Amino acid sequence: MRIAVTGSIATDHLMTFPGRFADQLVADQLHTVSLSFLVDNLDVRRGGVGANICFGMGQLGARPVLVGAAGYDFDEYRAWLDRHGVDTGSVRISEVLHTARFVCTTDADHNQIGSFYTGAMSEARLIELKAVADRVGGLDLVLIGADDPEAMLRHTEECRTRGIPFAADFSQQIARMDGDEIRTLLDGATYLFSNEYEKGLIETKTGWSAEEILGRVGHRVTTLGARGVRVERAGEPAFEVGCPDEEAKVDPTGVGDAFRAGFLSGLAWGVGMERAAQVGCMLATLVIETLGTQEYTLRRAHFMERFTKAYGDDAAAEVRAHLA
């Protein structure tokens with residue numbers, strides 16, 4: 001099963017200021033702020049939802065196709081993804097813009113000042129999925145993740161027009177979308193991904209009930225935080241899958257992307273939706289135990305040991321064949 005993942009490609013530049021922002025702000029001069037913070041360290045991390053999901057799928061051996069736009073500074077990031085099993089041949093490289101970038105400074109009270117530079121991500125709207133499908137010999141599923149809003153709309157319409165099954169995954173972009181845009185992006189999807197809060201927001205903005213939305217998509221996959229995930233299927237009973245025990249809780253950033261990576265990999269293997277959800281929860285657990293969205297290492301023996309403990313021997317036997 002050939003799966004393409006469309007979505008943002010970005011780097012995060014994270015800095016720590018040892019003092020307090022509040023101590024540097026003068027109440028009656030906030031209209032003319034001019035400040036520079038001397039920071040202690042700089043942590044540069046690879047990110048972007050499309051790249052994060054593809055990295056996880058690559059770790060599982062699913063060979064995903066990354067579809068997105070990056071800047072002329074993408075060479076090192078591309079090499080990293082290539083080494084970890086991601087097909088980057090359909091990434092559009094801007095000739096004039098840098099890769100999207102999030103720059104954030106955190107103070108001693110955990111307050112943050114950040115900026116997001118869209119950069120090359122704005123060119124994702126110029127990518128045609130037909131060209132991607134022709135290059136790789138066809139597509140069985142396209143996940144349409146958070147990206148340039150025009151790109152999300154174009155990819156959705158193209159999937160519908162060409163009869164390519166797609167998964168809708170609004171993620172961070174749902175906050176800026178209105179009801180009409182959300183209805184357009186989810187109608188006819190094979191899968192709809194969201195967390196529990198986004199689920200309610202989708203229903204509020206579209207004016208559609210949970211039952212109406214499920215009738216318009218084949219499957220609804222809702223992550224429940226520490227409680228795992230709920231999978232709803234039109235005309236069939238819903239089911240929930242819990243998370244494996246955590247060895248540590250380090251950083252939740254990228255956990256949702258990791259779940260999607262595991263779930264999509266399970267679909268690519270053909271192991272069934274419950275097993276796919278279990279793989280997703282196991283991979284998400286590895287990410288929450290790691291600082292950074294692509295800094296974890298999937299050691300297969302360790303992965304299967306913990307998977308077996310969480311979900312049993314029969315589930316492990318089915319998954320092990322695809323990880324071997």
Side-chain angles (χ1 to χ4, degrees), residues 1-5 53 56-57 60 62 64 139-145 156 159-160 163-171 174 182-244 255-285 307-308 310-322:
M1 186 176 182
R2 175 68 72 179
I3 298 178
V5 177
I53 294 169
M57 293 179 70
L60 290 165
L139 294 172
D140 300 298
L141 180 69
V142 177
L143 180 126
I144 300 173
T156 300
C159 283
R160 276 197 285 258
I164 303 172
F166 67 97
D169 185 14
F170 316 125
S171 190
I174 193 171
I182 295 172
R183 285 189 287 266
T184 297
L185 289 169
L186 71 81
D187 201 13
T190 303
Y191 302 92
L192 172 61
F193 288 94
S194 70
N195 61 34
E196 210 165 14
Y197 182 81
E198 292 164 350
K199 177 181 183 295
L201 196 56
I202 290 168
E203 292 162 13
T204 299
K205 286 194 171 188
T206 61
W208 290 340
S209 68
E211 292 75 18
E212 287 177 303
I213 291 173
L214 187 58
R216 292 175 180 273
V217 301
H219 308 82
R220 194 166 190 184
V221 183
T222 307
T223 54
L224 308 173
R227 304 194 327 270
V229 63
R230 180 173 59 251
V231 179
E232 299 169 271
R233 300 164 291 178
E236 297 183 49
F239 65 87
E240 293 190 5
V241 169
C243 290
V255 169
D257 297 337
F259 170 79
R260 288 152 174 77
F263 187 87
L264 293 172
S265 296
L267 295 181
W269 299 337
V271 297
M273 294 188 64
E274 183 176 8
R275 294 286 179 269
Q278 291 168 345
V279 175
C281 288
M282 185 69 252
L283 196 66
T285 301
F307 187 91
T308 304
Y311 302 117
D313 292 335
D314 290 343
E318 195 171 354
V319 168
R320 184 178 290 108
H322 299 282

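This structure is a prediction, so every number in the text was calculated from the model and none was measured.
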Show me the pairs that pass ring pair (Phe, Tyr, Trp, His ring centres under 6.0 Å) and involve residues 263-285, at least two apart or across chains.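 Qualifying pairs, neighbours excluded: Phe193-Phe263, Phe259-Phe263, Trp269-His322.
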Show your working on side-chain contact (heavy atoms from CB on, under 4.5 Å) between Glu274 and Gln278 and close with a plain yes or no. CA-CA 6 Å; Glu274 183 176 8; Gln278 291 168 345; 3.9 Å; yes
Which pair of non-hydrogen atoms, one from [X] and one from [Y], has the smallest distance, and what is that distance?
{"X": "Asp140", "Y": "Arg2", "value": "OD2-N, 2.6 Å"}
{"X": "Phe307", "Y": "Val279", "value": "CE1-N, 3.8 Å"}
{"X": "Ala277", "Y": "Val241", "value": "CB-CG2, 3.9 Å"}
{"X": "Phe239", "Y": "Arg233", "value": "CD2-NH2, 3.6 Å"}
{"X": "Cys281", "Y": "Tyr311", "value": "CB-OH, 3.3 Å"}
{"X": "Met273", "Y": "Val231", "value": "CE-CG1, 3.3 Å"}

Take Tyr191 and Leu143 through the test side-chain contact (heavy atoms from CB on, under 4.5 Å) and record every step on the way to the result. CA-CA 9 Å; Tyr191 302 92; Leu143 180 126; over 6 Å; no
[atom1]/[X] to [atom2]/[Y] distance, rounded to the nearest 0.5 angstrom?
{"X": "Thr206", "Y": "Ile213", "atom1": "OG1", "atom2": "CD1", "value": "4.0 Å"}
{"X": "Met57", "Y": "Leu264", "atom1": "CE", "atom2": "CG", "value": "5.0 Å"}
{"X": "Asn195", "Y": "Leu201", "atom1": "CG", "atom2": "CG", "value": "9.5 Å"}
{"X": "Thr156", "Y": "Ile144", "atom1": "OG1", "atom2": "CD1", "value": "3.5 Å"}
{"X": "Ile3", "Y": "Ser265", "atom1": "CD1", "atom2": "OG", "value": "7.0 Å"}
{"X": "Lys199", "Y": "Arg230", "atom1": "NZ", "atom2": "CZ", "value": "6.0 Å"}

Sort and list the pairs that fulfil salt bridge (Lys or Arg N to Asp or Glu O under 4.0 Å) and have at least one residue in residues 208-228, not counting sequence neighbours. Asp187-Arg216, Glu196-Arg227, Glu203-Arg220
Looking at side-chain heavy atoms only, is the closest gap between Arg160 and Thr184 below 4.5 Å? yes
Hey, are the side chains of Ser194 and Ile202 touching, using non-hydrogen atoms and a 4.5 Å cut-off? yes
Partner residues of Asp169 under the salt bridge (Lys or Arg N to Asp or Glu O under 4.0 Å) criterion, sequence neighbours left out: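 Partners of Asp169 under the salt bridge (Lys or Arg N to Asp or Glu O under 4.0 Å) test: Arg260.
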Arg183: partners by salt bridge (Lys or Arg N to Asp or Glu O under 4.0 Å), with sequence neighbours left out: Asp180
Restricting to side chain to side chain donor-acceptor pair (under 3.5 Å), what partner residues turn up for Glu318, sequence neighbours left out? Arg275
How about OH on Tyr197, more than 12 heavy atoms from neighbouring residues, nucleotides or ligands closer than 6.0 Å, or not? no
Only counting residues at least two apart or in another chain, list the ones meeting side-chain contact (heavy atoms from CB on, under 4.5 Å) with Thr190. Pro165, His219
